[in-house]
Amino acid sequence: MNIDVQILYSFGGETVMYKPKEFIFKEGEHSQYYFQIISGKVKLNTFTENGKEFIHNILGNNQSFGDPLLFIEKLYPTNAVSLQATEVVRVPKKNFIEMLKTHPDLSLEVNMCLSQRLYYNSLMVRNIASADPIQRLKGLLDYLKSYHDGDCQQCFPVELTRQQIADLTGLRVETVIRTIKKMVNQEIIKMEGRRILY
DNA sequence: TCATTAATATGAT
DNA sequence: ATCATATTAATGA
């Protein structure tokens, strides 16, 4: 979700800068803040027993994270790591709740946002369970696209490396590369240099 | 800039 | 799916 930064500031929001590859929070920590990205990129990940990384999501400008835990007392289920120099605004939980009470319109918006995530999440889970790698990639792309505001046909740029796509879908890099080629042939996606347009 | 590392692409097992 | 290797892009000393 994307909340007016001025409002965030007026409720105790503060700007925090992170260097590339810096932890913003770690799995198992207590959730304290609502985070919204001003610029940069953040990934949410966990590691399997054998040390393989699984990326849950990658967020960019004007996107938020840590928000599903605002209303419940649970520990973070993932790490949050900046992929590049990243500027975020963070608002303490209590202030965030205060803000929603004083701005019912915002509260509604937050509800819509969370609902939309749930919706696309269920689609995502279905596709990721599919054996067909094309379906898995397509599921991921639809999911990522749902986070994107300005949408038009075949011009949503996927700013991910193949390795990151592999870590998001649980596929191997080689499989991702080969599947992407197939999808270009089937005109499901387009390429602009090495970047994918969907 | 040049050297080193990361990412991409393809072929083989 | 895993491994090996060649090419290309990105990074940083």
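Every chain is numbered from 1, with letters handed out A, B, ... down the list of sequences. Everything quoted here is computed from the prediction, not taken from an experiment.
- With sequence neighbours excluded, the residues forming a side-chain hydrogen bond (donor to acceptor under 3.5 Å, both in side chains) with A/Tyr9 are A/Thr15, listed by chain and number.
- Shown are A/Ile128, A/Leu137, A/Ile55, A/Val176; of these, the side-chain contact (heavy atoms from CB on, under 4.5 Å) with A/Leu168 is made only by A/Ile55.
- Interface residues of residues 130-144 of chain A facing DNA chain B, ordered by number: none; criterion, heavy-atom separation under 4.0 Å.
- In summary, the side chains of A/Ser31 and A/Lys93 do present a donor paired with an acceptor at a separation below 3.5 Å, with no hydrogens or angles considered.
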- Query: Between A/Tyr34 and A/Asn95, is a side-chain hydrogen bond (donor to acceptor under 3.5 Å, both in side chains) present by the stated rule, with each step listed?
  - Reply: CA-CA 9 Å; A/Tyr34 163 82; A/Asn95 300 35; over 6 Å; no
In a table with atom names and distances, give each donor-acceptor pair under 3.5 Å that connects a side chain of residues 103-110 of chain A to protein atoms at least two apart or in another chain.
none

Could you tabulate the donor-acceptor pairs under 3.5 Å formed by side-chain atoms of residues 77-86 of chain A, not counting sequence neighbours?
unit_1: A/Asn79; atom_1: OD1; unit_2: A/Glu27; atom_2: N; d: 2.9
unit_1: A/Asn79; atom_1: ND2; unit_2: A/Asn45; atom_2: O; d: 3.3
unit_1: A/Asn79; atom_1: ND2; unit_2: A/Asn45; atom_2: OD1; d: 3.2
unit_1: A/Ser82; atom_1: OG; unit_2: A/Lys19; atom_2: O; d: 2.5
unit_1: A/Ser82; atom_1: OG; unit_2: A/Lys21; atom_2: N; d: 3.4
unit_1: A/Ser82; atom_1: OG; unit_2: A/Glu22; atom_2: N; d: 3.0
unit_1: A/Ser82; atom_1: OG; unit_2: A/Glu22; atom_2: O; d: 3.3
unit_1: A/Thr86; atom_1: OG1; unit_2: A/Lys41; atom_2: N; d: 3.2
unit_1: A/Thr86; atom_1: OG1; unit_2: A/Lys41; atom_2: O; d: 3.2
unit_1: A/Thr86; atom_1: OG1; unit_2: A/Gln84; atom_2: O; d: 2.8

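- Here the side chains of A/Tyr18 and A/Ile24 are in contact, with some heavy-atom distance below 4.5 Å.
- Nucleotides of DNA chain C with any atom under 4.0 Å from a heavy atom of chain A span, from 5' to 3', C/dA1 to C/dA9.
- Checked for salt-bridge contact, A/Glu29 and A/Lys26 miss the test: no charged N lies under 4.0 Å from a carboxylate O.
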Given protein heavy atoms under 4.0 Å, the one-letter contact record of nucleotides 5-13 of chain B, with B base, S sugar-phosphate only and - none, is simply ---SBBB--
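- Counting heavy atoms from C-beta outward, A/Phe71 and A/Leu114 have side chains that approach closer than 4.5 Å.
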